[in-house]
**Student:** 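Would you mind keeping the following structure in view while I ask a few things?
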Amino acid sequence: MTTWKCSRCRRPYRGRGDWNITVEDGVVVGALCPRCQTVDENTEAVINEATTDYLGAGPDGRLRGRPKS
């Protein structure tokens with residue numbers, strides 16, 4: 001089991017709080033704890049959550065999503 005740590009402050013994820021994952025080209029590359037997220041990063045996450053249904057990773061390991069209807 002992977003233990004996530006914040007990419008900026010290295011704080012461990014303990015299963016609660018509004019953490020964001022960092023994705024590059026569909027691949028999860030890190031996580032940000034609520035304390036380290038900028039206002040812009042938090043806003044982007046809220047918009048993504050409201051407009052995208054995340055389906056999990058595909059066979060190539062890339063995060064899949066589709067627009068919410």
Side-chain angles (χ1 to χ4, degrees):
M1 179 177 182
T2 300
T3 301
W4 285 100
K5 290 186 179 183
C6 178
S7 299
R8 293 188 182 141
C9 71
R10 308 303 297 158
R11 181 175 149 203
Y13 176 67
R14 301 204 189 282
R16 60 189 179 276
D18 290 327
W19 284 59
N20 289 341
I21 59 169
T22 307
V23 179
E24 291 181 12
D25 294 324
V27 178
V28 177
V29 295
L32 292 174
C33 73
R35 289 186 209 164
C36 289
Q37 294 168 34
T38 66
V39 172
D40 289 343
E41 289 166 335
N42 188 55
T43 300
E44 180 182 9
V46 169
I47 292 168
N48 288 341
E49 185 177 23
T51 60
T52 306
D53 279 325
Y54 291 100
L55 308 172
D60 59 358
R62 294 180 186 270
L63 185 63
R64 302 280 189 227
R66 66 173 179 226
K68 287 187 177 180
S69 26

**Student:** Might you point out which heavy atoms bring C6 and C33 nearest each other, and give the distance in Å?
**Tutor:** SG-N, 3.5 Å
**Student:** Between R35 and R11, which heavy-atom pair has the shortest distance, and what is it?
**Tutor:** NE-NH1, 3.2 Å
**Student:** Among I21, N20, V27, which residue meets the side chain to side chain contact (heavy atoms under 4.5 Å, CB included) test with V23?
**Tutor:** I21
**Student:** Closest approach of A57 and R64, non-hydrogen atoms and distance?
**Tutor:** C-CG, 4.5 Å
**Student:** Tell me whether L32 shares a hydrophobic cluster with L63, the cluster being built from Ile, Leu, Val, Met, Phe, Trp, Tyr side chains joined at under 4.5 Å.
**Tutor:** no
**Student:** Is there a side-chain contact (heavy atoms from CB on, under 4.5 Å) between E44 and D40? Walk through the geometry before answering.
**Tutor:** CA-CA 6 Å; E44 180 182 9; D40 289 343; over 6 Å; no
**Student:** If I compare all heavy atoms of K68 with all of T52, which pair ends up nearest, and what's the gap?
**Tutor:** CE-O, 3.3 Å
**Student:** For D18 and Q37, which heavy atoms make the closest approach, and how far apart are they?
**Tutor:** O-NE2, 2.7 Å
**Student:** Please check if W19 and Y54 belong to a single hydrophobic cluster, counting links between Ile, Leu, Val, Met, Phe, Trp and Tyr side chain heavy atoms closer than 4.5 Å.
**Tutor:** yes
**Student:** Does E41, at its CD atom, have more than 12 non-hydrogen atoms belonging to other residues, nucleotides or ligands within less than 6.0 Å?
**Tutor:** yes
